[in-house]
Asker: 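I have a structure here, written as C-alpha cells, and I will follow up with some questions on it.
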There are 2 protein chains.
Amino acid sequence: MALGKNYEGQNCSLARALELVGERWTLLIVRDAFYGVRRYGDFLAHLDIPRAVLADRLATLVEANVLQRHRYQDSPPRDEYLLTDRGVELWSVIYPLWSWSERHFGEEEPLRTFRHVACGTELDPAGRCPACGGEVSPGDVEAHSGPRLPARPRRDPVSVALRQRPHRLLQPLF
Amino acid sequence: MALGKNYEGQNCSLARALELVGERWTLLIVRDAFYGVRRYGDFLAHLDIPRAVLADRLATLVEANVLQRHRYQDSPPRDEYLLTDRGVELWSVIYPLWSWSERHFGEEEPLRTFRHVACGTELDPAGRCPACGGEVSPGDVEAHSGPRLPARPRRDPVSVALRQRPHRLLQPLF
DNA sequence: AGGGTTGGTTCGTTGAATGAACTGACTAGG
DNA sequence: CCTAGTCAGTTCATTCAACGAACCAACCCT
C-alpha cells in the first residue's frame, strides 16, 4: 500500500492538492489534528501507522504549512503539531468526505456525529447548521460519539477520550 | 508511488472513504468524469496513468457504484464510464479540495474557474453561488479555461477541448 | 547507575505503481 | 480476402513507497 506523490504536468490545482494531502495517511493525520491530537505518540497510537511514515508525513505537512510545530516544553524538549489556518480550511474537504461516506456506506446509526456547538444540531452534508442556517467553522463543531458503538472498539487513549465525552474540534484532547 | 488500500480498525467513515477514493489516481479519474470524460482511452491520454492502474481503478469504482459502465455501441462493443448519483455527490469533496489548493497554492490568476451556469458567477469556496445565494449542483456548473494559460499546455484531446470552450460538467466532452 | 518515556531513524521485506510489450476483438480500406 | 489500424484492455519485469521490528538518543526520575 503506497500512494505516490507526483502528478506533474496535470496543470490542475486538484492534482497539486493531491500531491500533498492525497498521500496515504495524510488526511487521517489531519483529521486527528482536528480531534485535538497533537503529539507524535498519540498520532502513532491512534492510527497504527508505521513510525517512519508518520515522521515523513508530519514533516511534509509542516513544510507545506498545513501544520506548525510548536515547542510546548523545554526539558525534555517536546513539540506539538498544530493546524495552521491553511490546515483548518481543510475542514471543508474532510467533513464532506466523511459525510459522503457516512451517507453511502454507513449503517443506519452512525458511530459519530458532528454538531454545531451553539445549538446542538447535527451538521448537514455541506457542513452547515440547518438550525442556524449558516456555515459552521470547525472550532464551533463538537464531535459526539454514538449512537452506535464500534464492533471492536479501539483502546488507545485518543479513541477512549473521543468515546467518553463530546469533544470540541481543535481543542487539545488531553 | 503507491497508495495503500486498507485502513482497517479505524472505526471511521473517513477511513472507509479513503480506502476507496484515497487510492492514487482515483480522485483524478472522478474529476475527469465530471469533465465529461467517459472512455478508457480518453482517461488514459488525459491522465498519463499506467493502463493497468486505470483498469483497476475503473473496476473498483464501478464495483463501489461510484461509476457505472454503460454499453453505448455494440459493434465493436464499447462501454463508457458514467458517474452515478453516488459519484456525483463527490462534487462536494472535489470542488472544495480544488478550491483549497487554488487559494493556498495557486497563482494570482487561475488556470480554470467554475461558474454557475445560470448567472455566470464564480463559485465560492464552499461551492455555492454568491449571486444566487444557494447550493449549486455540479450539473449547473460550467468549467471555464483561463484567465492564465498553462506554462506547458497538454495536447491530448481532453485538455484541448477543455481549453477551447467553457464546458458544462457531466456533459459528454465529445 | 538503571529504568522509563518520548520521538524519532535505520533497514530488510512486502507490495503497489510504473511502463513497455503483448493480446484480442473488431472495423475499414484495398 | 488480406492487411493495417483502433480500442480496451492484460502481462510482466522493474522501481519505489509502505511496513514493521529493531535500534538510538535525549532526557527524566529514583
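We name chains A, B, ... by the order of the sequence lines, and we start the count at 1 in each one.
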Asker: Any luck finding a side-chain donor-acceptor pair between Arg103(A) and Ser99(A) under 3.5 Å?
Answerer: yes
Asker: Looking at Glu109(B), I'd like to know if its CD atom is crowded, meaning that more than 12 non-hydrogen atoms belonging to other residues, nucleotides or ligands lie closer than 6.0 Å.
Answerer: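 Counting other residues, nucleotides and ligands, CD of Glu109(B) exceeds 12 neighbours.
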Asker: I'd like to know if the side chain of His104(A) pairs up with that of Glu89(B) as donor and acceptor (distance under 3.5 Å, no hydrogens or angles considered).
Answerer: yes
Asker: Just say parallel, tilted or perpendicular for the rings of Phe114(A) and Trp91(A), cut-offs at 30° and 60°.
Answerer: perpendicular
Asker: Does dG8(C) have OP1 or OP2 sitting under 4.0 Å from an N or O in the side chain of Tyr81(A)?
Answerer: yes
Asker: Between Asn65(A) and Arg86(A) (side chain of the first, backbone of the second, donor and acceptor by atom type, cut-off under 3.5 Å), is there such a pair?
Answerer: no
Asker: Please determine, for the side chain of Arg57(B), which listed nucleotide (dA17(C), dG9(D), dC19(D)) has the closest atom?
Answerer: dA17(C)
Asker: Pick base, sugar-phosphate or nothing for Ala52(B), based on heavy-atom distances below 4.0 Å to the nucleic acid.
Answerer: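 Counting heavy atoms under 4.0 Å across all strands, the contact made by Ala52(B) includes a base.
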Asker: Taking CG from Asp56(B) and P from dT11(D), how many angstroms apart are they, rounded to a whole number?
Answerer: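 Whole-Å distance recorded here is 13 Å.
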Asker: Counting only side-chain heavy atoms from C-beta out, which of dA17(C), dC26(C), dG8(C) sits nearest to Arg24(B)?
Answerer: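 It is dA17(C).
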Asker: Measure from the side-chain heavy atoms of Trp25(B) and tell me the nearest of dA17(C), dG7(C), dA8(D).
Answerer: dA17(C)
Asker: For the helix from dA1(C)-dT30(D) to dG30(C)-dC1(D), what is the angle between the axes at its two ends, each from 5 pairs, rounded to 10°?
Answerer: 0°
Asker: From C-beta outward on Arg51(B), which listed nucleotide comes closest to its side chain: dT18(C), dG7(C), dA8(D)?
Answerer: dA8(D)
Asker: Report the distance from atom CZ of Arg69(B) to atom P of dA8(D), rounded to the nearest whole Å.
Answerer: 10 Å
Asker: Identify which nucleotide among dT18(C), dT27(C), dA18(D) has an atom closest to any side-chain atom of Val53(B), counting heavy atoms from C-beta outward.
Answerer: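 For the Val53(B) side chain, the nearest candidate turns out to be dT18(C).
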Asker: Would you mind telling me which residue lines up with the more 5' stretch of DNA chain D, Pro77(A) or Ile49(A), judged by nearest nucleotide?
Answerer: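 Nearest nucleotide further toward 5': that of Ile49(A).
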Asker: dT5(C) phosphate, OP1 or OP2: any side-chain N/O from Arg39(A) under 4.0 angstrom?
Answerer: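 For dT5(C), neither OP1 nor OP2 has a side-chain N or O of Arg39(A) closer than 4.0 Å.
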Asker: Enter the distance from Gln68(A):CD to Glu80(A):CD here, rounded to the nearest 0.5 Å.
Answerer: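 Output value for this atom pair is 9.0 Å.
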